[in-house]
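A short worksheet on the structure shown next.
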Amino acid sequence: MRGTSILGVLVVIWLIIGAIAAGQRGYYSNDDKNCAEAGTILVTIVAGPLNYIGANPKVDCTLPEPSK
């Protein structure tokens, strides 16, 4: 049981570091969000400390147009 709690703490710390990196890149300051910006924020948070060793994840997505 102790190993799972340590793993949980490490995951939370990992995600907090990723959230800090996204903030430092200014991803939270833009009010106009779209699919690509939201995806980029998410993958930056998931990348965690890897952002500080060169990872710069970006997401490019397009939503399908509705049928007429």
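Residues passing the side-chain contact (heavy atoms from CB on, under 4.5 Å) test with Ile17, sequence neighbours excluded: Ile13, Pro49, Tyr52. Legend: residues meeting side-chain contact (heavy atoms from CB on, under 4.5 Å) with Pro57, ordered by chain and number and at least two apart, are Arg25, Val43, Thr44, Ala47, Asn51, Ala55. Every side-chain contact (heavy atoms from CB on, under 4.5 Å) that Ala36 has, sequence neighbours left out, goes to Asn34, Cys61. Ile16 meets the side-chain contact (heavy atoms from CB on, under 4.5 Å) test with Val12, Ile20; sequence neighbours excluded.
Of the candidates Ile45, Asn56, Val59, Thr40 forms a side-chain contact (heavy atoms from CB on, under 4.5 Å) with just one, namely Val59.
With values rounded to the nearest 0.5 angstrom, Ile53 atom CD1 is found 5.0 Å from Leu50 atom CG. Note that CG of Leu42 and OH of Tyr27 are 12.5 Å apart. Values are rounded to the nearest 0.5 Å.
When every heavy atom of Ala19 is checked against every heavy atom of Tyr28, the shortest pair comes out as O-OH, 3.2 Å.
If you chain together hydrophobic residues whose side chains sit under 4.5 Å apart, Ile41 and Leu15 fall into the same group.
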